[in-house]
Amino acid sequence: MQSLIAEGVDTVFGYPGGQIMPTFDALYDYMDKINHILVRHEQGAVHAAQGYARVSGKVGVALLTSGPGATNAITGIADAMLDSTPLVVIAGQVPAASLGTDAFQETDLVGVTQPLTKWSFQIRKAEDIPWAVSRAFFIAQTGRPGPVVLDITKDAQNAETEFNYEKCKFIRSYFPTPDTDPATVKEAAEIINSAKKPLALLGQGITLGRAEKEVQAFLEKAQIPAAWTLLGLSALASDHPLNMGMLGMHGNLAPNLKTNECDVLIAIGMRFDDRVTGDLNTYAKQAKIIHFDIDPSEVGKNVKPTVGVLGNVKLTIPKVARLVHEANHNSWIAEFKPLYEREYKSVIKKETEPTDGEIRMGEVVKLISDATGNDAVMVTDVGQNQMVSARYFKFKRPNSFVTSGGLGTMGFGLPAAIGAKVGAPDRTVCMFAGDGGFQMTIQELGTILQSQIGVKMIVMNNNYLGMVRQWQELFFEERYSFTTMINPDFTAIGKAYGIESRQVKKREDLADAIQDMLKDDKPYLLVVEVEKQGMVYPMTPAGTAVTNVLLGDE
């Protein structure tokens, strides 16, 4: 506990058990300094820690027991690794003398988590705890962030030692931030200065590096239109004139098509995920590519750049910006507008401004975004709800979007929203989920009940596993194999947990229900019955060119 306090930890998400009990007993004496949020499942603890880390910029901490407690956390740890979220997960372990004996609730947590973490370490002596905790926090939050696991044997927890804490500032052979080669900075600037049709791709590395202002200044100086990856959402304000929308499978038409028309592609803190690039054999072959990233392993991994600029983008972008000329790309930027208007007519208007028929997910998201003044933190689960929310929720400031990107974890939304609200208590937190994902971690309503966390939960219920059903309709000849959901009365469940809950079936009741939800800072569950067989368009089928965009009925 003293080590955590030395690292500035004020919140821990956890669940007690036999092998971590000595640590929880110690926590009893530090409740005035460390706020412990009791979750209902260890997966929920890690997802909540992720949500907390993503909005607060701090390291998220989860505390749990051995065996099933530890293995229940694996999904969240893997999710954090793929999405570069700084976590320290502390687990109890059987006494050192029992290791290897298949003792009750013994699991080789270090062996299981090594491929999923930046560092995984077992502590067997009390005197090693401060050293390991200090090292864990240093590794988790430096360079490209990620999760760290500490596995502490029960005898190490029970032993006594003199407390001496030294914050870790250096680890031999660990170089979290690579040196930036000045030649790459110069080459990148020269390429940008020669560009006629530049396009910037904004990734989560901007948010992780806290480089939003630097990137915006760079884009404005060179007048470069920009598009964002899913995790790059909110790095640039939604209404910024250079913001051209979202990239990827369900991204906006214009930036996807223009990816294969630009002459210079500037990737900033993103990893060229397959959901962004589609078929690599046809991706941006006409363009010179500049890749800014802190992780050398990402540069050239999927897309070979003309030049890679290594380092934290908060530092590298200004270096390039100083050498970049002020430019005028008005004619190039104007080419995006007709494509947006085409998408608006074919998709956006139908999804966000319907006047009859079943309620659409898009209109739910837009109405809530408008009602919050486009200034809320949005957390999503995974599926159609995620893509629609990313498309139609708007943002004014950074650190406003939390979702599961790389792993695509259903059940992420509810516990992550709990963590986000704890990490940003003064902000409105809206969590969007489908009926499938919501039920995967629905037990965390108990966490909201006990800790009175004011999350606004919006369940868009279509009685389907919507995204899988969409793929079945498009690519599996409408063979809807086990995607129909028979659901409970979600509002009854919400009320059973003491949460104000309301169901909306009619469009004319939606606006009033949203105002009711947002009237105060208490937890609220809004269940909206939406179009049963709705589709999320645009859509670029997996593995095809980014220009192979489907617009539905067009």
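Side chains are part of it too, since the values below use all heavy atoms of this structure and drop only hydrogens, waters and symmetry mates.
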Enter the distance from [X]:[atom1] to [Y]:[atom2] here, rounded to the nearest 0.5 Å.
X    : Y    : atom1 : atom2 : answer
T428 : M517 : OG1   : CE    : 9.0 Å
L367 : T372 : CG    : OG1   : 11.0 Å
T113 : M81  : OG1   : CE    : 10.5 Å
K366 : R391 : NZ    : CZ    : 13.5 Å

Is it the case that over 12 heavy atoms from other parts of the model lie below 6.0 angstrom from the [atom1] atom of [X]?
X    : atom1 : result
D102 : CG    : no
F104 : CZ    : no
K221 : NZ    : yes
K301 : NZ    : yes
Y15  : OH    : no

Polar side chain donor-acceptor pair, [X] to [Y], under 3.5 angstrom:
X    : Y    : result
Q386 : D381 : no
N312 : T177 : no
Q216 : E212 : no
E444 : T447 : yes
T75  : Q43  : no

If I compare all heavy atoms of [X] with all of [Y], which pair ends up nearest, and what's the gap?
X    : Y    : answer
A390 : L233 : O-CD1, 3.6 Å
V39  : F13  : CG1-CB, 4.5 Å
M1   : L27  : SD-CD1, 3.6 Å
Q443 : H41  : NE2-CB, 3.4 Å
N35  : I37  : ND2-CD1, 3.5 Å
T65  : G18  : OG1-N, 3.6 Å

Original post:
Where do L201 and I266 land on the side-chain contact (heavy atoms from CB on, under 4.5 Å) test, with the steps shown first?
Top reply: CA-CA 6 Å; L201 312 183; I266 307 162; over 6 Å; no
With a 4.0 Å cut-off, would you call [X] and [Y] a salt bridge?
X    : Y    : value
R271 : D273 : yes
K167 : E7   : yes
K314 : E214 : yes
K519 : E500 : yes
K421 : D521 : yes
R144 : D293 : no

If we only count heavy atoms from C-beta on, is the [X] to [Y] side-chain gap below 4.5 Å?
X    : Y    : value
V61  : F137 : yes
P305 : V299 : yes
W131 : F121 : yes
D375 : R427 : yes
D179 : L310 : no
I123 : D151 : no
Q2   : Y30  : yes
R502 : D516 : yes

Subject >> Ring centroid separation W228 to F395 under 6.0 Å >> reply: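 Distance test on ring centres: not under 6.0 Å, no.
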Original post:
Is the F24-H36 ring centre distance short of 6.0 angstrom?
Top reply: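 Distance test on ring centres: under 6.0 Å, yes.
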**OP:** For the residue pair Y165 and F163, categorise the inter-ring angle as parallel (less than 30°), tilted (30 to 60°) or perpendicular (more than 60°).
**Re:**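 If you compare the ring of Y165 with that of F163, the planes turn out parallel.
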**OP:** Applying side chain to side chain donor-acceptor pair (under 3.5 Å), run through H291 and E298 and close with a yes or a no.
**Re:** CA-CA 9 Å; H291 193 172; E298 291 294 349; over 6 Å; no
Original post:
Which one of I171, L150, D128, V148 satisfies the side-chain contact (heavy atoms from CB on, under 4.5 Å) criterion with R135?
Top reply: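 Among I171, L150, D128, V148, the one that satisfies the side-chain contact (heavy atoms from CB on, under 4.5 Å) with R135 is I171.
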